[in-house]
Amino acid sequence: MSMRIFSGIKPSGMIHIGNYLGMIRPMVESQRRGDLFCFIANMHSLTTLSDANMMRQYTNDALLDLLALGIDPEKSTLWIQSDVPEVAELTWYLNNVTTVGLLERCHAYKDAIAKGLAPNNGLFSYPVLMAADILLYQSDRVPVGKDQKQHVEVARDIAIRFNNTYGNAFTIPEEEIADEIAVIPGIDGQKMSKSYNNYIEIFGAEKPIKKKIMSILTDATPVEAPKDPDTSIIYAIYKLFGTQEQSTALADRFRAGGMGYGDAKKQLFELLWEYFQPFRAKREELVANMDYVASLRKSGAEKARQVASQTIDSVRKLVGVL
Ligand code: ADP
Ligand code: TRP
């Protein structure tokens, strides 16, 4: 059997070009090297989101985004976490082989405490739900950003503990950290992030996207002066999307002088707008066919459930509720 690659995205509003390069594009590419299980972690969003309409909206948007950006339901298994509620049952079994100490060491919880917040138990036990995702589907590899590495290690610990206590139920997963994927800068030069409000969204309207790109932070070098492309945020983003020739041409124009930053920003806007054009078209097509999207949601959940029900059945027997 081919390697099962497992990946999840927590729906939280608009996705940006950092999410795309850091997570979604690698996910789309992994469809070529293995059996991709890819899901929308809406139950994870509940730890911080308590508005039902927003939950529905974010979940639906995430499904449209992933389909538009190239997740192919023919090649992969794509579903929404809550459509296979066995994951909640598994979370409970796993809770009983997980020590409080292990969860107290996890970053998200520690950060919340450090900020003086009073985190709910959902946030505290978030890594157990994440372990249940990974283990329910017998995943071999879990590609994640550095921020999620610890959570995959926790999933490994829990899997080993469960297998040792009850007998072999789970594949032991391994994380894959893609070092070569750089942190994409936002329009202010910090890491692009929704929480810093410095992002360039993918599926927004033309005007606001253009406005954001035109407001990228620059220095005060005059138009006629030569400029160093390697210290420019405009160029840093441009070269992530441009071909080699396009990037070299822009770098040459920076160095030659005579090009203002406004001009460079316009070129960046045009490049990005064109880059995402086919994805926008695909998304519009999907929005016009929501019945079709609903049928994909249903068949994805059915496919996922076939694997989930086998795992949960053996777990029920091992713990003695069956
Ligand atoms: P945000 O910081 O905008 O809230 P998330 O934390 O939800 O984004 O990110 C989801 C995933 O998208 C991350 O695990 C990471 O892989 C990727 N990602 C987000 N921002 C960036 C970035 N600036 N550069 C590269 N990858 C990113
Ligand atoms: N916690 C991940 C995030 O915030 C999303 C996620 C939930 C996930 N379950 C997962 C990622 C399982 C990989 C595997 O981005």
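If you're wondering where the values come from, they're calculated on a predicted model, not measured in any experiment. Remember, it's 1-based here, ligands and their atoms both numbered in the order they're listed.
- Taking distance alone, with nitrogen or oxygen atoms compared against 3.5 Å, Gly145 stays at or beyond that limit from ligand 1.
- Evaluation of the side chain to side chain donor-acceptor pair (under 3.5 Å) test over residues 227-239, restricted to residues two or more places apart or in two chains, returns none.
- Salt bridge absent: Arg161 and Asp157 never bring a charged side-chain N and a carboxylate O closer than 4.0 Å.
- The hydrophobic cluster of Leu123 has no other members, since no ILVMFWY side-chain heavy atom comes under 4.5 Å of it.
- In terms of polar-atom proximity, His16 is counted as a contact of ligand 1, with an N or O under 3.5 Å from an N or O of the ligand.
- For the residue pair Leu129 and Thr91, the shortest heavy atom distance occurs at CD1-OG1, 3.4 Å.
- Heavy-atom contacts of Asp147 reach the following atoms of ligand 1: 14 (O) (cutoff under 4.0 Å).
- Residue contact check: Lys191 has heavy atoms under 4.0 Å from atoms 2 (O), 19 (C), 20 (N), 21 (C), 23 (N) of ligand 1.
- Salt bridge present: Glu201 and Lys212 bring a charged side-chain N and a carboxylate O closer than 4.0 Å.
- In this structure, Phe170 CZ and Leu318 CG are separated by 8.5 Å, a value rounded to the nearest 0.5 Å.
- The shortest N/O to N/O separation between Lys194 and ligand 1 falls below 3.5 Å.
- A ring-centre distance under 6.0 Å is found for Phe276 and Tyr20.
- Neither the backbone nor the side chain of Gln148 comes within contact range of ligand 1; no heavy atom lies under 4.0 Å.
- At a 4.0 Å cut-off, not a single heavy atom of Lys10 sits close enough to ligand 1 to count as contact.
- A salt bridge between Arg56 and Asp51 is absent, with no side-chain N of the basic residue lying under 4.0 Å from a carboxylate O of the acidic one.
- With a 6.0 Å radius and a threshold of 12 heavy atoms from other residues, nucleotides or ligands, Trp273 has its CH2 atom above the threshold.
- Between Arg33 and Glu176, at least one side-chain nitrogen of the basic residue sits less than 4.0 Å from a carboxylate oxygen of the acidic one, meeting the salt-bridge criterion.
- Taking a cut-off of under 4.0 Å to the non-hydrogen atoms of Met23, the atoms of ligand 1 that pass are 10 (C), 11 (C), 12 (O), 16 (O).
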Tabulation required: pairs of a nitrogen or oxygen in ligand 2 and a protein nitrogen or oxygen under 3.5 Å; columns are atom names and distance to 0.1 Å; otherwise 'none'.
| unit_1 | atom_1 | unit_2 | atom_2 | d |
| --- | --- | --- | --- | --- |
| ligand 2 | 1 (N) | Tyr126 | OH | 2.7 |
| ligand 2 | 1 (N) | Gln148 | OE1 | 3.1 |
| ligand 2 | 4 (O) | Tyr126 | OH | 3.0 |
| ligand 2 | 4 (O) | Gln148 | NE2 | 3.4 |
| ligand 2 | 9 (N) | Asp133 | OD2 | 2.9 |

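- Numbered from 1 in the order shown, with element, the atoms of ligand 1 that lie under 4.0 Å from a heavy atom of Met192 read 20 (N), 21 (C), 22 (C), 23 (N).
- Of all the heavy atoms of Val144, none lies under 4.0 Å from any atom of ligand 1, so neither backbone nor side chain is involved.
- Interface of Val183 with ligand 1, defined as ligand atoms under 4.0 Å from a residue heavy atom, comprises 24 (N).
- Contact check on Arg4 versus Asp140 returns no salt bridge, with no Lys/Arg side-chain nitrogen under 4.0 Å from an Asp/Glu carboxylate oxygen.
- For ligand 1, the polar-atom distance check finds an N/O of Gly18 within less than 3.5 Å of one of the ligand's N/O atoms.
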Under 3.5 Å donor-acceptor pairs involving side-chain atoms of residues 251-261, not counting sequence neighbours:
| unit_1 | atom_1 | unit_2 | atom_2 | d |
| --- | --- | --- | --- | --- |
| Arg253 | NH2 | Asp263 | OD2 | 3.1 |
| Tyr261 | OH | Asp219 | OD1 | 2.8 |
| Tyr261 | OH | Asp219 | OD2 | 3.4 |

